[in-house]
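For reference, the structure is listed below as structure tokens.
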Amino acid sequence: MTGSKLKNKVAIITGGAQGIGKATAERFGYEAADVVVWDISEEKAKHCIQELNDKGINTFFLQVDTTKFDEVNSAVQKTINHFGKIDILINCAGITKSATQTELTQEQWKQVIDVNLTGVFNCTKAVAPFMVKNNFGRIVNCASLVGFFGKIGQSNYSATKSGIIGITKVWSRELSKYNITVNAVAPGYIETEDTYALQENILKSIRERIPVGRLGRPEDVANAYLFLVSDEASYITGTILNIDGGYVI
């Protein structure tokens, strides 16, 4: 599947070395974007970049800890030096540290808040000025269905995803005058390493609740990212797009 929807566009994808981020990097590459993969894991990134290169997709990798603003700011400068601009930011990096409220440690709370919420702030804070200067930008954040309805054992994760929904709406108001749209996707149960770690009986019960009868694929989310950064979505901002197969119906 190749095209030119993102020709001459420079796209940063955080957490781009695996899962949904990797699928998004591949999808954007097939649409002629210059893809910049940011990830904290150099080892996973090496495998990702090699796989993408084998498919004819040229990518630029930077090892970045998004919780550290100095590293993020440095990576933005390197991206600007290499490509001259940044058109798209996909805030996809995220982690989970699950435990019930009575068992959740302060360290687990802080780790998830730092990556899932502060990391998104850091990346957008560093990238937005260049988008403002160019009077163009597309920012898409990764929320989750648990940001709407919560999930036992994920008070930290749910809090960050609810926060993502809130800041997406705020930033869409603040940045729209600069021709910058800000949206979010809210995936349901997607086939990733975390999902496959669940017991089969749990996966079965989840599938039975999903009207389309299957878990989502990383490509399903990547396609949504592509739509929201494309010209076809230029009049959409502040939207949270559920990608859940009808789970919340």
Side-chain angles (χ1 to χ4, degrees), residues 13-22 24 37-45 47-48 62-75 89-126 140-171 184-206 209 215-216 218 221 240 242-244 247-248:
I13 302 171
T14 73
Q18 55 190 313
I20 292 171
K22 179 182 176 183
T24 303
V37 170
W38 287 7
D39 204 283
I40 195 170
S41 174
E42 186 174 12
E43 181 179 354
K44 290 182 178 179
H47 293 292
C48 169
L62 290 171
Q63 186 175 22
V64 184
D65 181 346
T66 59
T67 70
K68 299 176 180 178
F69 184 74
D70 288 346
E71 284 193 26
V72 171
N73 200 46
S74 175
L89 171 63
I90 304 296
N91 283 310
C92 195
I95 63 170
T96 59
K97 298 285 181 179
S98 300
T100 59
Q101 198 279 334
T102 55
E103 300 296 328
L104 186 68
T105 66
Q106 289 187 330
E107 182 181 6
Q108 289 172 321
W109 170 266
K110 188 175 186 301
Q111 285 176 328
V112 174
I113 296 293
D114 285 350
V115 175
N116 295 5
L117 199 54
T118 303
V120 172
F121 169 79
N122 288 342
C123 293
T124 307
K125 177 72 173 176
V140 189
N141 302 319
C142 190
S144 169
L145 294 188
V146 302
F148 292 102
F149 62 79
K151 182 180 179 182
I152 293 174
Q154 291 195 333
S155 55
N156 50 2
Y157 187 76
S158 296
T160 62
K161 296 310 181 179
S162 294
I164 290 297
I165 291 168
I167 61 176
T168 295
K169 293 179 181 293
V170 173
W171 291 345
V185 298
Y189 287 95
I190 308 298
E191 293 176 346
T192 62
E193 291 180 4
D194 289 340
T195 305
Y196 284 133
L198 297 173
Q199 295 178 354
E200 181 55 39
N201 63 318
I202 296 176
L203 287 174
K204 182 176 182 293
S205 66
I206 291 171
R209 182 173 171 178
L215 300 181
V221 185
I240 316 301
N242 290 359
I243 309 168
D244 62 357
Y247 186 87
V248 299

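Atoms considered below: every heavy atom in the structure, side chains included; atoms not considered: hydrogens, waters and symmetry mates. As the structure is a computational prediction, the values presented were derived from the model and not from experiment.
Nearest heavy atoms, C48 versus G16: SG-O, 3.6 Å. Closest of all the heavy-atom pairs between P187 and A143 is CD-O, 3.4 Å. A pairwise comparison of heavy atoms in G150 and S158 identifies CA-OG, 3.7 Å as the closest pair. Nearest heavy-atom pair across G21 and C92 is N-SG, 3.7 Å. Here the shortest heavy-atom pairing between K97 and L104 reads O-CD1, 3.8 Å. Considering all non-hydrogen atoms of both residues, W171 and F121 come closest at CH2-CA, 3.9 Å.
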Q | CA sep, side-chain torsions, deciding dist, call: I190, L215, side-chain contact (heavy atoms from CB on, under 4.5 Å) | A | CA-CA 6 Å; I190 308 298; L215 300 181; over 6 Å; no
Q: Please report the C-alpha distance between N122 and T66 in whole Å, then the side-chain angles of each, then the deciding distance to 0.1 Å, and finally whether the side chain to side chain donor-acceptor pair (under 3.5 Å) criterion is met.
A: CA-CA 7 Å; N122 288 342; T66 59; over 6 Å; no
**Q.** Steps toward side-chain contact (heavy atoms from CB on, under 4.5 Å) verdict (L145, N242)
**A.** CA-CA 7 Å; L145 294 188; N242 290 359; 3.8 Å; yes
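For T124, the side chain to side chain donor-acceptor pair (under 3.5 Å) partners at least two apart in sequence or on another chain are N91. Listed by chain and residue number, nothing satisfies the side chain to side chain donor-acceptor pair (under 3.5 Å) test with T14 (two or more places apart in sequence, or in another chain). Residues forming a side chain to side chain donor-acceptor pair (under 3.5 Å) with K161 (at least two apart in sequence, or on another chain): none. Applying the side chain to side chain donor-acceptor pair (under 3.5 Å) criterion to T105, with sequence neighbours excluded, gives Q108. Residues that satisfy the salt bridge (charged side-chain N to carboxylate O under 4.0 Å, His left out) test with E200, not counting sequence neighbours, are R207.
Contact of the W38 side chain with the V72 side chain is registered, since non-hydrogen atoms from C-beta on lie closer than 4.5 Å. The shortest distance between side-chain heavy atoms of F148 and I240 falls below 4.5 Å. Residues D244 and Y189 fail the side-chain proximity criterion, which asks for heavy atoms closer than 4.5 Å. Counting heavy atoms from C-beta on, the side chains of I202 and Q199 come closer than 4.5 Å. Y157 is not listed as a side-chain neighbour of S98, based on a closest heavy-atom distance of 4.5 Å or more.
Considering N141, T118, L89, V64 as possible partners of C123, the one that fulfils the side chain to side chain contact (heavy atoms under 4.5 Å, CB included) test is L89.
Under a cut-off of 6.0 angstrom, the local environment of CD1 in I152 is sparse, with at most 12 non-hydrogen atoms contributed by other residues, nucleotides or ligands.
The OG atom of S162 lies 10.5 Å from the CZ atom of F149; values are rounded to the nearest 0.5 Å. Expressed to the nearest 0.5 Å, how far CG of D65 lies from CG of D70 amounts to 11.0 Å. With values rounded to the nearest 0.5 angstrom, I165 atom CD1 is found 8.0 Å from S144 atom OG. Residue S155 holds its OG atom at 6.0 Å from CH2 of W109, rounded to the nearest 0.5 Å. From I40, atom CD1 reaches atom CD of E71 across 7.5 Å, with rounding to the nearest 0.5 Å. Between N156 atom CG and Q101 atom CD the span is 10.5 Å, to the nearest 0.5 Å.
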Contacts table for residues 110-117: side-chain donor-acceptor under 3.5 angstrom, sequence neighbours left out:
unit_1	atom_1	unit_2	atom_2	d
K110	NZ	D114	OD2	2.7
N116	OD1	I95	N	2.9
N116	ND2	I95	O	3.0
N116	ND2	T160	OG1	3.4

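Checking side-chain atoms of D39 against main-chain N and O of S41 turns up a donor-acceptor pair under 3.5 Å.
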